[in-house]
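Notes follow the structure.
All values derive from a computational prediction rather than experimental measurement.
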Amino acid sequence: MDRQKKVVLMAMVLAGALVIVLIIAAIYKYVAPSSEKKDLNTVFELGEGESALIVDNKVLEGKAIMQDGELYIPADMAGKMDQRIYVDTKEAVLSYATAAGVIQVKPDDTSYAIGKESKQTERPILLKRDKAFYISLSFIGEHASCYYKEYQNPSRLVVMTDRAKKYTFGIMNSDTRVRTGPGKKYAYLVEVPEGSRVIIETATKQENEYMAVTTEDGITGYIPIDRINETEEAVWKFEKTPESFGQKGLGKTVCLGWHQMTSNISSMPDSLAMAKCMNVLSPTWFALSDNKGNFTSLANTEYVNQAHANGLQVWGLVNDFGKKLKLSQILGVTSTRTKLINSLVGTAIQFDLDGINIDFENVTKDNAPAYLEFLRELTLKAHINDLVVSVDNYVPADYNTFYDLEEQGRIVDYVIMMGYDEHYQGGGESGSVSSLGFVEKGVKDMTAKVPKERVVAALPFFTRLWKEEKVKSKVKVTSPSAYGMSSAESLLRSNDITPEWDEKTGQYYGQYKADGATYKIWLEEETSLEKKLEVVKKQEVAGVAFWKLGFERAATWNTIEKELK
């Protein structure tokens, strides 16, 4: 073979080899995982001096800021870390209630008082930047019971606050890269070593044999499904629990009767002679009257003296039923809230009351934080003055979770569940005011959130007559008035109706027709009340309450006394 042919052959061999190399490279590029690493600073979109916040596995839009070596958390986000952090943005005051007293600081303060102690801090607790407020992480960490941990490169704070939520945890069976998408061709975010624990994001769909996970240092991405052999569903473990205030209890089973009053009178309710087991009277004496922290009062010294002479405590009730009231102004502004608390406690002392009963039924999601702060500060002030604080609440439901029964159960002496208004005027539907199942579920749900020794179950002495009439092909439902036990039975007798037992509601039921309408009524009487008391008794709660005195009869108290024994 001459030289020219050898050169050609060699070139062909080299070309073939090059083709093979290129093919192999192309195949490798196609099948090989990406080695590109994503810059985490761009993932968290951090500016200079900012730190990312990851709360309960979610990256928040707002950022923490660094000043003089201290991390400061935006006030609204600090409230997620510890709900007892309350910032009054109008008067620029941070309030934090502890069992030892209320801490209050203003922007740039480096000291605070708690009880009789004074404490100094290295750096300001509260910062104000433009219109935004920030809380020192050192202060939060001193008091908060949540889990948090700082990480660097990039700067981020991982926070866990939800004590009830269950997460799906997995342990890595090998070193793995967490990628930005469900596949090996995506850039990776971080390398996680074998044995590391991750949270599996079960709400995210698995794709290409990849699953979404979040590392314990707050990085969310994708890993191959086969990198985890076993999973466990569990709640996050916390080292600390939220602080509870001491309870000023009655020392025996509470049996409370609400005495509705519309004028300043000194006479005891007629029920007193019959109600041998009642030990607390709660007259409806006080009502918020404006948005400046004032209230009207029907308090009467002679009434209290008579109650005490009969062995009864008196817990004055204060309501928020006024039409033009704004709780956000009354409770949200520090000076106004303080004025209201001092006035309530001062009035209770003046009239020798034993406690205060809060009946605020117009709390909303927006003003709920201020409401809870009011309860904290009121309870602390009341306890110093030997007063009991009780708070009325609706039956637990999805629509009223912002009342935060768990927090109330750590603060006030008694959380009262109003086990009625299952069907109410304006609800558009007729039905029982308080069926047996409604009460049973309510007490179970309440005791799941509040310690039993702080729960009081309130039951009705009243019922409602429902009127159903057709108006333009639709059924209009109204309830003109509430009826006491005897008057409800008299109503049925006057219409020649004998009520029949309704097993579903645990009540007697009657209906009749008149004036082209159908009238329905579910009775409250001794048999139905006895059954309700039985389900309440099984839950071993702190006591019972009844709305309202005057709607019952002598036999009713015999039933109550029997069940309480």
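W285 and F351 have tilted rings, their planes meeting at an angle from 30° to 60° on a 0 to 90° scale. Between W236 and F169, the two ring planes are tilted [angle within 30° to 60°]. Ring geometry, F374 versus F360: the interplanar angle falls under 30°, so the pair is classed parallel (tilted spans 30 to 60°). The aromatic rings of Y403 and Y394 sit perpendicular to each other, their planes meeting at more than 60°, with 30° as the lower class boundary.
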**Asked** Which is it for V388 and D354 under the side chain to side chain contact (heavy atoms under 4.5 Å, CB included) test, yes or no, and what are the steps along the way?
**Response** CA-CA 6 Å; V388 175; D354 306 281; 5.8 Å; no
**Request:** Decide salt bridge (charged side-chain N to carboxylate O under 4.0 Å, His left out) for K106 and E91; before the verdict, give the C-alpha distance in whole Å, the side-chain angles of both, and the deciding distance to 0.1 Å.
**Result:** CA-CA 9 Å; K106 296 188 76 71; E91 295 186 342; over 6 Å; no
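Sparse packing is recorded around NZ of K80, with 12 or fewer heavy atoms of other residues, nucleotides or ligands lying under 6.0 Å away. The neighbour count for K381 NZ, taken as heavy atoms of other residues, nucleotides or ligands under 6.0 Å away, does not exceed 12. Atom NZ of K537 has more than 12 neighbouring heavy atoms from other residues, nucleotides or ligands inside a 6.0 Å radius.
Between K119 and E142 there is a salt bridge, since a side-chain N of the basic residue sits under 4.0 Å from a carboxylate O of the acidic one.
In this structure, L372 and Q408 have side chains that are in contact, with non-hydrogen atoms separated by less than 4.5 Å. Counting heavy atoms from C-beta outward, P396 and L405 have side chains that approach closer than 4.5 Å. Side chains of I358 and V412 form no contact here, defined as non-hydrogen atoms less than 4.5 Å apart. Using a 4.5 Å heavy-atom threshold, the side chains of I85 and L94 count as touching.
Here the side chain of D88 pairs a donor or acceptor atom with the backbone of T334 at under 3.5 angstrom.
Here the CD-OG distance, from Q260 to S282, works out to 11.5 Å after rounding to the nearest 0.5 Å.
Aromatic ring centres of F245 and H383 lie farther apart than the 6.0 Å criterion allows.
Checked by atom type, the side-chain pair R376/S95 shows no donor-acceptor distance below 3.5 Å. For the 3.5 Å distance criterion, the side chains of N57 and Y167 fail to qualify, holding no donor opposite an acceptor.
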